[in-house]
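Below: one structure, written as structure tokens.
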Amino acid sequence: MADMKAYVQEVLAQVVKKDPEQKEFHNTVQEVLTTIVPVLEQNPQYQKAKLLERMVEPERVIMFRVPWQDDQGEIQVNRGFRVQMNSAIGPYKGGLRFHPSVNLSILKFLAFEQVFKNALTGLPIGGGKGGADFDPKGKSDNEVMHFCQSFMSELYRHIGPNVDVPAGDIGVGGREIGYLFGQYKRIRDAYDAGVLTGKGVGYWGSLARTEATGYGLLYFVKNMLDDKNIPIEGKTVVVSGSGNVATYAIQKAQAMGAKVVTCSDSNGYIYDAAGIDLAAVKEIKEVRRGRIKEYTVTHPQAEYHEGCTGVWSVKCDIALPCATQSEIQLEAAKQLVANGVIAVGEGANMPSTLEAIAYFQQKHILFAPAKAANAGGVAVSALEMSQNSERLTWTFDEVDHRLQNIMTRIFQQAKQNSAQYGCPGNLVAGANMAAFVQVADAMLAHGVV
Ligand code: NDP
Ligand code: 2IT
């Protein structure tokens with residue numbers, strides 16, 4: 001039998017050699033490939049078809065100049081990207097991130113994750129990701145609109161309802177999707193509602209898309225806890241971030257009877273022993289686009305601490321990282337475990353480093369990996385595409401009900417695969433293997449493309 005561990009190491013070495021600076025991409029490829037060895041061993045046809053070599057190479061990468069004029073009349077130039085990673089099971093699908101840190105390594109990591117996450121949803125979507133090194137913080141609505149219009153003036157050539165369907169991610173919410181859609185419609189002179197998801201409900205966005213990632217995360221975590229007969233009621237929860245994913249994770253955790261004591265932004269975190277007042281967070285972040293520090297103005301009993309990583313020193317039963325990649329490093333993982341954490345659910349993409357994941361697993365912490373646990377957002381995006389295709393809209397309850405079923409199915413798939421391939425309870429490996437087989441089989445069926 002061919003040595004599949006050696007095959008994986010060979011492919012990883014090639015990935016590092018080709019793009020030595022793309023650390024985030026290396027990490028995610030390593031996480032996926034090292035966990036799918038049992039599948040490769042039972043299916044030698046995958047190696048024969050050089051599927052790993054093909055999967056780590058994006059089908060297409062688009063990189064473009066985004067010039068725009070700020071409110072002072074100065075010309076600004078940003079860099080735009082779209083990574084079209086894999087279309088084996090559907091049109092490329094994945095968010096757009098506007099953040100100064102955006103580069104090709106981060107977008108390739110996100111696109112690679114997206115391919116497998118999207119497969120787990122069981123819906124017909126391939127994987128992609130895009131964005132720009134644009135910083136929406138402190139920009140006026142007018143500046144954001146001009147940026148979005150310039151960005152779409154290039155991106156429109158590469159997307160479409162059956163080609164590539166972007167949505168939001170960090171720095172891209174309802175406002176940005178609105179401006180992007182307006183420009184796409186104008187340039188194409190066609191009402192292709194299904195070209196973007198996360199649209200406003202007034203122009204064919206799906207109900208429950210805004211809530212979907214955070215709600216889906218809690219549905220997944222609840223499945224994971226139920227499986228061990230652990231109730232979520234009364235548990236203390238630490239959440240990082242205060243954006244889209246964090247907000248609706250907090251809402252659903254509270255609705256399930258848990259007590260959420262923190263939230264954060266890139267400057268610092270809030271600890272409110274009385275439980276986070278979500279209406280106040282929404283007012284600060286969604287309405288005023290302010291900083292989380294302002295929470296203490298109306299809630300003087302709460303504490304504000306500078307620095308966002310300190311949030312993991314707060315004692316809790318359940319930790320939900322919902323801000324960004326690599327926010328839980330080994331030290332933070334050790335702190336969480338020392339404080340008695342029983343479960344970690346990843347709302348953000350790759351928030352735990354490989355060392356942190358290994359430590360959680362070694363300590364038998366229940367661990368819900370990002371590509372399974374945060375798949376609810378893109379799943380409801382796919383449901384938005386379905387509604388747009390049939391030119392109908394579903395009720396909030398209809399969408400939410402489907403979301404719950406999808407998250408339960410993803411949990412079951414990850415659990416079953418982990419048992420089937422000899423690592424019961426390892427949901428990281430289980431999710432990776434379940435997703436990989438789906439993408440691999442579709443690629444095999446398509447021949448050498
Ligand atoms: P938002 O832009 O709405 O919120 C991001 C939050 O994370 C903000 O509180 C932000 O703080 C904080 N944050 C961003 N970058 C950093 C950083 N470098 N260090 C510390 N904090 C940071 O984004 P989302 O909520 O949409 O996304 C959060 C995470 O969830 C990302 O990893 C994203 O990829 C992932 N995700 C999103 C989905 C979606 O549907 N939106 C679906 C699945 C995953 P600040 O305001 O200071 O920047
Ligand atoms: O990381 C993600 O899954 C997202 N940002 C959502 C992508 C989408 O197309 O809804």
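Numbering of ligands and ligand atoms starts at 1, following listing order. Small disclaimer: the values here were computed from a predicted structure and weren't measured.
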shortest atom 4 (O) of ligand 1-to-protein heavy-atom contact is with G243 CA, 3.3 Å
(request) Determine, for K108 against E24, whether the closest basic-nitrogen to carboxylate-oxygen distance falls under 4.0 angstrom. (result) no
### Query
Can you say whether the rings of F116 and F112 are parallel (under 30°), tilted (30 to 60°) or perpendicular (over 60°)?
perpendicular
Under 4.0 Å between heavy atoms, the region of H99 that gets near ligand 1 turns out to be side chain
Margin query: Using a 3.5 Å cut-off on N or O atoms only, is D265 in polar contact with ligand 1?
Written below: no
Note: T213, heavy atoms under 4.0 Å from ligand 1, region reported as side chain
Going by the 4.0 angstrom heavy-atom rule, the piece of E113 near ligand 2 is neither
shortest atom 46 (O) of ligand 1-to-protein heavy-atom contact is with R291 NH1, 3.4 Å
Note: K137, heavy atoms under 4.0 Å from ligand 1, region reported as side chain
Checking heavy atoms under 4.0 Å, the part of K371 that sits near ligand 2 is neither
In terms of its nearest heavy atom to atom 5 (N) of ligand 2, the top option of N244, V380, D169 is D169
The answer for which part of C322 has a heavy atom under 4.0 Å from ligand 1 is backbone
For S264, the atoms of ligand 1 under 4.0 Å from one of its heavy atoms are 9 (O)
Ion pair K235/D317, N-O distance below 4.0 Å: no
Has ligand 1 got any nitrogen or oxygen that is less than 3.5 angstrom from a nitrogen or oxygen of G168?
no
Review point. Do any nitrogen or oxygen atoms of R97 come within less than 3.5 Å of a nitrogen or oxygen of ligand 1?
Key: yes
Logged contact type for N349 with ligand 2, heavy-atom cut-off 4.0 Å, is side chain
In ligand 1, the atoms that come under 4.0 Å of a heavy atom of G241 are 9 (O)
- Query: So F151 and F98, would you call those rings parallel, tilted or perpendicular, with 30° and 60° as cut-offs?
  - Reply: perpendicular
Logged contact type for E211 with ligand 1, heavy-atom cut-off 4.0 Å, is neither
- prompt: Is K371 paired with E113 through a side-chain N to carboxylate O contact shorter than 4.0 Å?
  reply: yes
- Begin from the C-alpha positions of I36 and L52 and carry the test side chain to side chain contact (heavy atoms under 4.5 Å, CB included) through to its verdict. CA-CA 11 Å; I36 59 165; L52 298 189; 3.9 Å; yes
Any heavy atom of S242 under 4.0 Å from ligand 1? The part involved is both
**OP:** Look only at the side chain of Q438 and the backbone of L120, and say whether a donor-acceptor pair between them is shorter than 3.5 Å.
**Re:** no
In this structure, atom 27 (O) of ligand 1 is nearest to the protein heavy atom I170 CG1, 3.7 Å
